[in-house]
Amino acid sequence: MVTVRCRIAPSPTGPLHIGTARTALFNYLFARRQGGTFVLRLEDTDVARNSLAYERDILDGLHRLGLDWDEGPEVAGLPARGPYGPYRQMERLSLYAAASARLLAADLAYPCYCSPEELAADRAAQEAAREPPHYLGRCAHLSAAERRSLEAEGRRPAIRFRIPPDETIAFDDLVRGRVEIATSALGGDLVIVRRDGSPLYHFSVCVDDAEMAMSHIIRGEDHLSNTPKHILLFRALGAPVPTFAHLPLILNPDRTKMSKRKTQTAVSDYLAQGYVPEAIVNHLALLGWSSGGTDELFTLDELTAAFELERVHQAGAIFDRERLDWLDGQWIRRLAPDDLARRLLPFLEADLAAKASLGLEVVEPTEADLIPLVHLVQERLPTLAAIGDLVDFLFIRELAVEPATLVPRHWDRGTTLAGLRAARQAIAALGEVSFDTEGLEPALRDLAAEHGWKAGDLFMAIRVAATGRTATPPLFETLVALGYGRTLERLDRARELLESLPAVWGG
RNA sequence: GCCCCCAUCGUCUAGAGGCCUAGGACGCCACCCUUUCAAGGUGGAGAUCAGGGGUUCGAAUCCCCUUGGGGGCACCA
C-alpha cells in the first residue's frame, strides 16, 4: 500500500488561477479520499515576476475555497511547516545544485557552452528546413581540453540533461491510460540549469517531487507531453517514478486553453463578485469529473467521499459562467441566515459606499440590520454582490426616484396621484400599531377594490414610491422593513414629484 | 513542421455491446404559482452519439482510417 502524497505547486507570478484551483481541488480530493498527504509548494524561481502579493492571493484563495494542505507555507511570506521543507523553491537552491552536480558526475548531464545566438541560429535553420526544433548536441561529447578552452574564452556553461536518442518512454496515466512517447520527439538534450546557475522548471520540479516523496502527480493535460522528460529525470535522480494523472484542461468558450484574455481567471475576482466558495468548488469539481449519479450539488466533504480519479474525463471542458451562476444561487439559498448575513455585509457596505461617493446620503449597515432581511433576499440573490440592488433603499436617506417608473404600466399620472394619496391615507389610518403585513395587505386590497383599481397596479405605484425600484422583495414586508414613518414620507415625496411634473406627462 | 491527447444536445455530462426510438443538469421557450422580481413546480424544443469503414446476431460503446479541435516541442512556469 503506497502512502499517497500529492501536491499543488503554484508560481506566485499572478493571482490564484481558476485552473490552479481546479488542480489543487483534485489533488486535495484525491489525498483526502486516500488518506494521504496534500502538499503546497511555491515555485518561485521566476524572481522577476514573483511577488508577495500574488503569494498572498494564492494562499488566501486556496484557504477560502477550503482546500487546506498538510505541508507547506500557511501564511504568505512566513516559513512553512512540514518535514520535507523548505517549501519555497528559492529556499531549495542548494538541493538543485547538489542534484545537478550528481548528474554531472555520473555523466547523465554535461556543460553546454552554446551561446544564445548559436542556438537561435540552429533553431532558425530547423524552422527553415521544416524540422521540429531540437538541440543538435554540439556540446554533448566535448573533451576535457575542449571544455577548458571554451571556459578560457570566458564562456559560462548551462547544464544539459542527456535524453537517450532511441527509446520509448511509456507510462500508465490514471486518466489517459497508457501513453507512449519516443525520446526522439523530446527536442534533444534538455537544459536543466541556466548559465547563471539557476534551475529550470522541469528540473526543479522533479528534484522537488523526488525529495518530497510525491507518490502521485496530478496536473493539467498541458504537461502530458513533458512527462517523458520528467520520467527520465526521476530515473537519473535515482528516485521512484510517481504515478501520473493528467487532468483535462479548462477551456475558453472557443475551446482554447483557458486564458485571462478570454475568460475571467482569477479566483479572487469571482470571490469579489460575490460567488460563494461552495459554488466555485462545486463548479470546478464538475469540470472534468462526474459522480455518475444525477446529483449536481456537492459540498467539499461530499466531493471527498465521492471522488475517484477513474471518473475524471479525458476531454477539456468549457468554463460555463451561467452554470456557475446557477450553482451560486443554489448555495446561497442553502446558507444559514446568520451565515448569509455575515457574508452579505461587506458587499452591502461596498455597494452603499459606491452610492455615497455618488453623493447619496446613506446609513452604515450592520449585521443586525441584515439578519431580518435575509428571508426576503435569500432566494433572490444570484450572487452576494446583488444585495445592494435588493435592499439599498433601506439605507439611502433620500431616494432618487426616476419619475417615469412611478406610473404603473396600465395607469396614467392622474390615477397614480390618486392611488398614492389614497394609499398614504389608508396607511396613516392604520396607525403605527397596525403597520404590519397583516394590517397592510387587507387595507390596501380593499382600497384598490373600492376604487376599481387592480391591486397589482396600486401595489406597483407604492412599491416604486417606497423603494425607487420596480423589482423588489414582497411589498408588505418591504414596507414593514422600511417602517411606518419612512413609508409615509416616501409616499409624500413621490406624490410631490408627480405633482411637480406637467399634467400631460405620463400615461 | 514534429510529437501527444481528445471527440454524446449550445454548455457541463450519464452511458464501460443489447436496459438508448440516447438519460440528467445549466441555458432557452411555454404554462402553473404570484402584488413586482426571484424562487419553486410542470411541460417543451434541443444530439442522424464528428464522418467513413470494419468486428459482431447486435455498437454511442471495440478496432482502423479520415476530419475537426486542443496541448506540447524555450537558458518561461
Side-chain angles (χ1 to χ4, degrees), chain A residues 9-11 13-14 43-46 48-49 112 114-116 119-120 123 126-127 129-135 157-160 173 176-177 179-182 184-188 190-196 198-202 204-205 220-229 246 248-249 251 253-257 283 286-297 313-327 329 333 377-382 386 389-390 408 441 444-445 448 454-460 462-464 467 469-476 478:
Chain A
S11 291
T13 54
E43 311 223 322
D44 57 351
T45 54
D46 190 342
R49 293 194 298 150
C112 171
C114 295
S115 68
L119 296 172
R123 202 186 189 103
Q126 288 159 0
E127 201 167 310
R130 320 192 83 190
E131 289 171 7
H134 59 281
Y135 179 61
I159 298 175
R160 279 187 194 269
D173 189 285
R176 311 270 143 193
V179 178
E180 298 186 358
I181 297 178
S184 58
L186 263 29
L190 176 74
V191 176
I192 55 175
V193 179
R194 292 185 185 89
R195 246 183 315 173
D196 68 5
S198 61
L200 267 328
Y201 169 77
H202 292 302
S204 55
V205 84
E221 194 200 330
D222 43 357
H223 283 300
L224 191 60
S225 304
N226 293 325
T227 302
K229 293 173 189 169
H246 286 91
L249 261 20
L251 273 22
D254 64 3
R255 305 209 79 89
T256 54
K257 180 164 85 164
H283 188 235
L286 261 21
L287 289 179
W289 173 86
S290 64
S291 69
T294 55
D295 290 347
E296 307 281 339
L297 266 27
H313 308 150
Q314 304 187 305
I318 294 174
F319 187 90
D320 182 1
R321 185 66 171 257
E322 288 181 329
R323 193 178 164 89
L324 206 215
D325 286 343
W326 174 75
L327 282 168
R333 268 163 244 144
V377 302
Q378 189 155 21
E379 64 192 27
R380 275 168 251 271
L381 288 167
D389 285 351
L390 255 22
E441 177 152 11
L444 292 174
R445 282 193 189 282
K454 282 185 68 180
D457 292 329
L458 176 64
F459 294 172
M460 182 53 87
I462 298 170
R463 168 178 294 112
V464 176
T467 69
R469 295 179 180 278
T470 55
T472 69
L475 181 62
F476 309 115
T478 297

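Letters A, B, ... are given to chains in the order of the sequence lines, protein chains preceding strands, and every chain is numbered from 1. Bear in mind that the values here come from a model prediction, so they are computed numbers and not experimental data. Atoms considered below: every heavy atom in the structure, side chains included; atoms not considered: hydrogens, waters and symmetry mates.
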Ignoring backbone atoms, establish whether [X] has a side-chain N or O less than 4.0 Å from OP1 or OP2 of [N].
| X | N | result |
| --- | --- | --- |
| Gln314(A) | rC6(B) | yes |
| Arg194(A) | rA77(B) | yes |
| Arg255(A) | rG71(B) | no |

Problem set entry | Side chain of His313(A) (C-beta onward), nearest among rG70(B), rC73(B), rA14(B) | rA14(B)

Looking at [N], does its base get a donor-acceptor pair with the side chain of [X] below 3.5 Å?
| X | N | value |
| --- | --- | --- |
| Arg176(A) | rC5(B) | no |
| Ser225(A) | rG71(B) | yes |
| Arg463(A) | rU35(B) | yes |

For this session: Would you mind pulling out the nucleotide paired to rG1(B), Watson-Crick or G-U wobble, both distances under 3.5 Å?
Result: rC73(B)

Problem set entry | Base partner of rC26(B), which must satisfy Watson-Crick or wobble distances under 3.5 Å | rG10(B)

Problem set entry | 5' priority, RNA chain B, between Trp326(A) and Leu251(A) [closest heavy atom] | Trp326(A)

For this session: Starting from the 5' end of RNA chain B, give me the residue, His223(A) or Arg123(A), whose nearest nucleotide shows up first.
Result: Arg123(A)

For this session: Using a heavy-atom cut-off of under 4.0 Å over every strand shown, decide if Ala471(A) touches base, sugar-phosphate, or nothing.
Result: base

Problem set entry | Residues Lys257(A), Glu221(A): salt bridge by 4.0 Å N-O rule | no

Seminar exercise, completed: note: Leu297(A), atom CG; rA25(B), atom C1'; distance rounded to Å ~ 10 Å

For this session: Just jot down the side-chain contact (heavy atoms from CB on, under 4.5 Å) partners of Ser204(A), sequence neighbours excluded, or say none.
Result: Gln89(A), Tyr96(A), Pro199(A)

